[in-house]
Colleague: 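Sharing a structure, written as structure tokens. Questions coming.
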Amino acid sequence: MKVVIAEKPSVAKELAKVFGATTVKSGYMEGKGYTFTWAFGHLIQLAAPEAYGFKGWKLENLPMLPERFKLAVKQNKVNGVMKDDPGVVKQLNVIRDLFESADEIIVATDAGREGELIFRYIYYHLKCKKPFRRLWISSQTDEAIKNGFRNLKPGSEYDTLFYSAQCRSESDWIVGLNATQALSIAAGNRSVLSMGRVQTPTLAMICARYLENKNFIPQIYYQIAIFLNKDGQVFKAISVKNFDKQEAAQKVFDQVKDVASGFTNGGDILNVEVKPRKEQPPLLHDLSSLQQEANKRKGFTADQTLGLAQTLYESKLITYPRTGSRYIGDDVFAEIPGLVVNQSEHPIFGKQAAFLQTVKLNKRCVNVKKVTDHHALLPTSNKPTYLPADQQVIYDLIAGRMLEAFHQECIKELTKISIESGSAFVANGTVVQSPGWRAVFNQADNEKEDEENPTLPKVVKGEALPVEKKELLEKQTKPKSLYNEASLLKAMETSGKEIEDDELRQAMKDTGLGTPATRASIIETLIKRDYIKREKKNLLPSEKGLAVYDLVKDKQIAQAELTGLWEKRLEEIRTGASVSDFKNEIREYARTITKELLDVGRGLNELFTPELQEGDVLCPLCKKGIVRITDKAAGCSAYASGCKFVIWRTMCEKKLTDEEIMGLIATGKTAVIKGFKSKAGNVFDASLLLSEGKAHFVFEPKGE
DNA sequence: GCAAGGTC
């Protein structure tokens, strides 16, 4: 018997269908001498530090560098305790039994690095020794599946792909877990200060943009606007030059030959330039562009959009959503006319669907070389009947984008009129002559230039027109806007584009920061860690996020380029380069970053220390308010009362043991002060311990 | 209590 294992149930079922294996069993399907089973993504993952004896978060464990990594079943948290995921265990048992009875395994996980890892981790975890061959297809049409099965590859051909995947996985573990624990421990182990190859550069991007925006000093500049009249139609022209100084602008303003200054026709038309501009339709959606569009239009978060798309996918209304490709192959293109027909009744774009049936389809999105693990998002041949409003929005974005992508160019006419009236002016206007793909959603093009005319009258070179009005405009330069989810997702995708090195940039372009499937969860992680928060549509760093950013911004772990560097090496490993060289470098880097973070992380203590104001607490002895003294250089704060007792606490002070506290209490007095709030938002109770002329505040975070 | 990567 041959056992086919897919990455997810939907793919296994598609494959089974093509083979006519229709008997449905628990966790697999069978027929015609084949069984088709599936995983749910990563069932097996690298074991947690505890598996290597690293118990708790302790300085002496760091850096954690397991000699050989162990594999473990994916875990879930149940009532605060990690347990093997029961659904995963059940499916693994199915897979184990099938593998045991198999003559041969056919690996049909997604055609990519992670797909290979998903299978190999299961295979090695089960200690399976059966021979396996690899199915490598990037679409699930019958033709592609049949072809793929006729061309199964020896499993060993993908060994180097597995090594690169394993390196990715282990490196993220080594760097992420060590850096996280190092920073958290250094900052006093009061909360999780997570770090990672993807999340930290993402945080850095948000913080850097926030600071740039906040510290931006707007420059004032001046322009002059004049309004000309052509047979009753008024249009606006702007001075060609911008002026930094008001006086210079005023001088030009005074020279304008307007009607009020006694010039009947003071605007000389020097030139009229008319240029057509063709706008190609946008590419089909991948997950990231869908998330961006849904965020821009409807304010959906990346996470919401992913969830809605997943539901539509499970209802078989759209193709696989976690795709990073915006292209399809010729096999899928053959199905497009039918899919277009399906949209003919659609209330928003049914007419355009009907129109598309009468013209030749634009093949811009058809390029099988640009199809990666999965092709671009499309509606399926199933027609939705009723959908909840939010699902409908996502469905429409996908179906509408399909119509746009195969539609015709939008043709615009750009007109530029050059005018002389004391000095040089220019009037710009754009007229859409043929909307083409823009007719699908019929939405205004929001990328119009500043001060542009909606329509311009027909004027000819050599004419002179009256200048009816003039205005002196005071303007300000604007900072780059804060990140919102749409612009952040885009920046995560293309962070490679700002890299000079060509090869690096190429490696970066295919991957970006994170993957389509994980970007939404990276954003959610940053929010969960209190590093960033949503404010209206924007993503803003918190005080905690900024403090962490400030400590790590110059380190490699905060650079988006790190992913590019890794990708380049991983690709080399895939083509046969040494695995151990890379692994050794990663270990070395983990030692370095651990040391560095342990060192600088102490600076974060400040974040977790309550801010006391004078008068907040009265000294139990002299009844006077306390004052805070901070010595930034030493990284210490002290609190002092007016009486002979000096109340103090240093930031870097060792936490007192229970015995020590009991000893203090035995000799002195205690007072408990409740509910201090630190900058990071943690609430503390403090015990004030008085002893031998000194007193200590002992802060304990609440509810941890 | 940690990463990033999949997917339900």
Colleague: What pairs of residues pass the ring-ring contact (aromatic ring centres under 6.0 Å, His included) test when at least one of them lies in residues 170-205 of chain A, not counting sequence neighbours?
Modeller: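 For residues 170-205 of chain A: A:Y52-A:W173, A:F69-A:W173.
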Colleague: If you look at every strand shown and take non-hydrogen atoms under 4.0 Å, does A:I174 touch a base, only sugar-phosphate, or nothing?
Modeller: nothing
Colleague: For chain A and DNA chain B, what are the first and last nucleotides along the strand, 5' to 3', with at least one atom under 4.0 angstrom from a heavy atom of the protein chain?
Modeller: B:dG1 to B:dC8
Colleague: Classify A:D110 by what it touches in the nucleic acid, base, sugar-phosphate, or nothing, heavy-atom distance under 4.0 Å.
Modeller: sugar-phosphate
Colleague: Residues from residues 192-202 of chain A sitting under 4.0 Å of DNA chain B, heavy atoms only?
Modeller: A:V192, A:S194, A:M195, A:G196, A:R197, A:V198, A:Q199
Colleague: Under the salt bridge (charged side-chain N to carboxylate O under 4.0 Å, His left out) definition, can you give me all pairs with a residue in residues 158-187 of chain A, not counting sequence neighbours?
Modeller: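 Listed once each, the pairs are A:E114-A:R168, A:R120-A:D159, A:R168-A:D172, A:E170-A:K583, A:D172-A:R197.
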Colleague: At 4.0 Å (heavy atoms only), tell me whether A:Q181 reaches a base, stays on the sugar-phosphate, or touches nothing.
Modeller: base
Colleague: Taking ring-ring contact (aromatic ring centres under 6.0 Å, His included) as the definition, give me every residue that meets it alongside A:F119, ordered by chain and number, with sequence neighbours left out.
Modeller: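 Result, ring-ring contact (aromatic ring centres under 6.0 Å, His included) vs A:F119: A:Y123, A:F132.
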Colleague: Would you list the pairs meeting salt bridge (charged side-chain N to carboxylate O under 4.0 Å, His left out) in which at least one residue belongs to residues 82-94 of chain A, sequence neighbours left out?
Modeller: A:K74-A:D85
Colleague: State which residues pass salt bridge (Lys or Arg N to Asp or Glu O under 4.0 Å) with A:E14; sequence neighbours excluded, sorted by chain then number.
Modeller: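 A:K17.
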Colleague: Under 4.0 Å, counting only non-hydrogen atoms across every strand here, what does A:P9 touch: a base, just sugar-phosphate, or nothing?
Modeller: sugar-phosphate
Colleague: Sequence neighbours left out, what passes ring-ring contact (aromatic ring centres under 6.0 Å, His included) with A:F19? Give chain and number order.
Modeller: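 Counting only residues at least two positions away or on another chain, A:F19 forms a ring-ring contact (aromatic ring centres under 6.0 Å, His included) with A:Y34, A:F36, A:F149.
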Colleague: List the residues meeting ring-ring contact (aromatic ring centres under 6.0 Å, His included) with A:Y589, not counting sequence neighbours, and say none if there are none.
Modeller: none
Colleague: Report the residues that fulfil side chain to side chain donor-acceptor pair (under 3.5 Å) with A:R587, sequence neighbours left out, ordered by chain and then residue number.
Modeller: none
Colleague: Checking A:Y313 now: which residues fulfil ring-ring contact (aromatic ring centres under 6.0 Å, His included) with it, not counting sequence neighbours?
Modeller: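 Expected list: A:Y320.
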Colleague: Which of residues 76-90 of chain A sit near DNA chain B, with a heavy atom under 4.0 Å from it?
Modeller: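 Those residues whose heavy atoms fall under 4.0 Å from DNA chain B, taken from residues 76-90 of chain A in numerical order, are A:K77, A:G80.
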Colleague: For A:S288, run the side chain to side chain donor-acceptor pair (under 3.5 Å) check against A:H285, A:Q292, A:Q291 and tell me which one passes.
Modeller: A:Q292
Colleague: Between A:A39 and A:S184, which is nearer to the 5' end of DNA chain B once each is assigned its nearest nucleotide?
Modeller: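 It is A:S184, whose closest nucleotide lies nearer the 5' terminus.
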Colleague: A:L183 and side chain to side chain contact (heavy atoms under 4.5 Å, CB included): which single residue from A:L597, A:T200, A:I593 fits?
Modeller: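 Only one option passes, and that is A:L597.
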